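Take a look at the structure below.
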Amino acid sequence: MDVEKWLFLTMTERLKGQRTGSGAVYLLNGKRSSQTLQDASLFYVLPLTGSLKHRSVTDVHGILSTLAASGLVRETDRGLIDLTREGLSMKQKLDTTYTLPEHYNAGRFEWNGEADWFWKRLSLYIQSLSSVMAGIKTFIPIQYDYSVQSWVRDNFPSSRQEREDAAASLYSELSSILSALSDEYASLFVRRLSSGHRAGESFTQLAGETGDPNFTYIRFRSCLHFILARLSESRSGKKYILQNFMKPEEERTLMSRSARETLDLLLEGKTMKEIGQIRRLRRSTLEDHVVEITMMHSGFDASRFVSSSKLELVKNTAEALGTNRLKVIKDTLGSDIDYFTIRLALAEMKGDPHAQTF
Amino acid sequence: MHKPSEEELKHLFGFRAFRKGQKEIIAKILAGHDVLAVLPTGTGKTLCYQYPSRILKGMTIVVSPLLSLMEDQVHQLKAMGEKGACALNSHVSFRDRERILASLNDRSILFVSPEMLQNREVTASLSRVRTGLFAVDEAHCISQWGHEFRTDYLKLAQVREELGNPPCLALTATATEKVQEDIISHLKLERLSRCVHSVDRPNISLHIKKAGTYEEKELTLVQTVNQLKGPGIVYTATRAEADLLAVKLRHRCGLRAASYHGGMEKEDRLLVQQQFVRDETDVVCCTNAFGMGINKPNIRFVVHYHIPQSPEHYVQETGRAGRGGGQACAVLVYQEEDRHLPLSMIVSDLPTDDEIDLLYSVLKTVRPGAGPPTADEAVKSCVSSESKERLLCFYLDQEGLIGEDGRIIMTNAGSSKQRLKNRFQKRKKEKESQFFSMESMVKDHESCTRELLLNYFGEAKTVSPVPCCSSCGDSPFSFQMVKTSASEGTGEAGTSWESLLSRIFHQDIGQKRTGHH
């Protein structure tokens, strides 16, 4: 039973039998949609969201099938999933082996691709710098992505002096940040790096004789999350060379481009109807956008679309019923309240934790 | 007419001499011939198109079936200074594709997947640039007698025509006579020069051992590895076994062993590949996903921990040893029950009768208002593997069941269902018979293994190297192979992360300058 199954069991438990198997798959795989955005916050699963982003949707579905086949997860007629009794005890047993590393936060750093962006550029830059300084002129790059290679080429120091300065700065910054981690975690990060002297180690190698390579992957990513959190904190204060390797802020949003365009028009004071005409979009699509925007921007005022009293009513009902299932809330409230109002209210209840304010 | 020469070779690539077969192939290409080249694994196929690409007017296109291999080849060529090397496949984003297509010139060596050449926009862009050479790597994929038939290869002749019929170089490491004929006719090779070299690699001795129990099998592996140290490759049948054996070898032989298989992340796979090439890992335990893109001259042994699917697989995988010309050995250790896995894999790669029945019932379903289903959708809903999907789509098309819009035309069905079933039955039999040939070779402890292998490929044994094979009485340990001290320990184990980090950035104590901030 490996860590990926544990992640799936944990996700299933948190969803409290209120979401489908695909819902769980999308969350773990980090699909960008207003539904997953909302679910991540509603069910407090943000740290897990996007933790299996490096796998394909098919792979993650495969985990579900395996768990279902071995009777640990069951699917109701309506497709909602829940842990079976065996599933629950298996999960509890695994809880003694696995726990998310302290600094791990997939919802913040994996979901929007920030960790991936940072690692690919940094690792190739370091490999190149270390090799060139060792007098090695040609080498096979450790990252094959064209965009990563051209980024490194464009940002690579051209003179010997600049290269030596860059190496000294990166060394001192990484030493100081990694010192705040345990030696075990700092080692994972450093041994993964490729240089002029040696290629980095695979997760199987880093895991050692008894470890689980997939769990080692999670632990390694938590080092990246820790570094990125450090660099973000001091964005305004201390300047790090490492900050240059971060994904530009404007590309970090989880909001879809289309919702972003809707937001721009809303901020210009356009009504939903006008935006629908300008962008030739259906009302339901715009409603999705508004829900998404409400999730992402805690300062966004949803009462310009629906009266505050209705929103309050939905919030109170959801709390009283102890559920986030739209259908259940809708059945209780009757025809007066539409689905858009319910989704908006729920979005307000649980804003996105890395929401920006205006 | 331009003729290849040693001086030019030295000047262009820094090599002093051609390897077997290379000069002749290059000369024929430069003379404008179509060439079918059968060159054993590990004898330098790349130079056969790389050299002409420098001389001929127009770009060089290399059709290659495996995406990861393509990327390895491009990066190796780039590291050799071949700036025009680039790849076009389904992993390349639309933006990058546009960029690559816009930048093609005479110095380009474009690796492209056969699927990509089915894209009209791609071929249209390509035909705007002159093509000097159309090379087809792993050309045996064009034949259904070959061990890895790829339907998309059958459409290459047409693509070549659209590109103005440039000279064609068909490359393969293993092709029986039947496969060679298929390559020639399907690629429409004319003014043909055949350069067929023996699949024999005299510097690789072949050893086969039967194990009664798994423990015995493991013992043989450990002995072999202990004796030969490395660098070496151990081919296993499953991913889990690859991981397991790597741990065992680290433990029991004190070697730097790593595992490699398709279930690993891409970056992980690259790391292990690079460690091996840089002699930082002694032994790689892997599935047959490993080895294609590896350019390593000093591999001293290849162990098979199972019976390979076919003699073609065996020759290709053992051929990774001894590329630099040094003595190397191939050791195959098997158990009786090892036959089940390859046989079940043959079955799972091909559509079954049941799946075809299911497919035809789906094809007949006309949803109200939606018309007949598209071939892609229908096929996807019936089978679970990509190779089955490709095969079914291809043959439905051949049977005339797919219309211009990709939808099914059932009126053309006729007796196609039975023909499809027969076809896959036949294909299954062929693959099984390839495996049985391999199996009987393995079980024949009397006849010379090398001779049996050569006979399979329609050749006779002409040289009798010493050591030759286990049937000839040679053991992998009977001759003195110079032990390299490959295993000097991991060197890095136990080193603190701080000192590792300072080595990476060349901040070794004593050299550290002050005044930095």
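Chain identifiers are assigned alphabetically (A, B, ...) following the order of the sequence lines, protein sequences preceding nucleic acid strands; residue numbering begins at 1 within each chain. What you see is a predicted model, and the numbers here were worked out from it, not measured in a lab.
Only the backbone of A/F139 comes within less than 4.5 Å of a heavy atom in chain B; its side chain stays farther off. Neither the backbone nor the side chain of A/E184 comes within contact range of chain B; no heavy atom of the residue lies under 4.5 Å from a heavy atom of that chain. Heavy atoms of A/A134 lying under 4.5 Å from chain B belong to its backbone as well as its side chain. Only the side chain of B/T281 comes within less than 4.5 Å of a heavy atom in chain A; its backbone stays farther off. For a residue to count as touching a neighbouring chain, one of its non-hydrogen atoms must lie under 4.5 Å from one of that chain's; by this rule A/S123 does not touch chain B. At a 4.5 Å heavy-atom cutoff, the contact between B/R250 and chain A is made by side-chain atoms alone. Contacts of A/L188 with chain B are absent, with no heavy-atom separation under 4.5 Å from either backbone or side chain. At a 4.5 Å heavy-atom cutoff, the contact between A/Y217 and chain B is made by side-chain atoms alone. For A/E173, no part lies near chain B; criterion is any non-hydrogen pair under 4.5 Å.
In the displayed structure, A/E102 atom CD is contacted under 6.0 Å by at most 12 heavy atoms of other residues, nucleotides or ligands. More than 12 heavy atoms of other residues, nucleotides or ligands shown are found within 6.0 angstrom of NZ on B/K266.
The shortest heavy-atom contact between A/P141 and B/H75 is CG-CD2, 3.4 Å. Smallest separation of non-hydrogen atoms from B/Q275 and A/A199: CG-CB, 3.7 Å. Of all the heavy atoms in A/Y146 and B/D96, the pair that sits closest is CD2-OD1, 3.7 Å. Minimum interatomic distance between B/A258 and A/Q205 (heavy atoms only, all atoms of both residues): CB-NE2, 3.3 Å.
Of the listed residues A/L174, A/L170, A/D59, A/L178, the one with more heavy-atom pairs under 4.5 angstrom with chain B than any other is A/L178. Note: A/S175 leads A/G196, A/A166, A/S175 in heavy-atom pairs under 4.5 Å with chain B. Heavy-atom pairs under 4.5 Å with chain A were tallied for B/L501, B/V247, B/D72; the largest tally goes to B/L501. Counting heavy-atom pairs closer than 4.5 Å to chain A, the top residue among B/Q273, B/R99, B/E498 is B/R99. Between chain B and the residues A/R191, A/Q143, A/Q127, the most heavy-atom pairs under 4.5 angstrom are made by A/Q143. With chain B as the partner, the residue from A/S147, A/P213, A/S179, A/S194 showing the most heavy-atom pairs under 4.5 Å is A/S179. Put simply, of A/D183, A/T204, A/L129, the one with the most heavy-atom pairs under 4.5 Å next to chain B is A/D183. Contact tally against chain A (heavy-atom pairs below 4.5 Å) for B/M80, B/Q76, B/H251, B/M264: the top residue is B/H251.
Formation of a donor-acceptor pair under 3.5 Å by the B/Q274 side chain with backbone atoms of A/I140 is found in this model.
Note that CG of B/L500 and OG of A/S187 are 7.5 Å apart. Values are rounded to the nearest 0.5 Å. Expressed to the nearest 0.5 Å, how far CG of A/D145 lies from CD of B/E71 amounts to 8.5 Å. For the atom pair CG (B/L271) and CZ (A/R192), the distance works out to 5.0 Å, reported to the nearest 0.5 Å. Atom CG of B/D268 and atom CD of A/E201 lie 10.5 Å apart (nearest 0.5 Å). Remark: A/S202 OG to B/L270 CG distance equals 11.5 Å, nearest 0.5 Å. Taking NE2 from A/H54 and CD from B/E265, the interatomic distance works out to 5.5 Å, rounded to the nearest 0.5 Å.
Relative orientation of the B/H506 and A/H197 rings is tilted, given thresholds of 30° and 60° on the angle between their planes.
Side-chain atoms of B/F505 and A/I126, non-hydrogen and from C-beta on, do get closer than 4.5 Å to each other.
Ion pairing of A/K120 with B/E267 is absent here, as no side-chain N (NZ or NE/NH1/NH2) approaches a carboxylate O to less than 4.0 Å.
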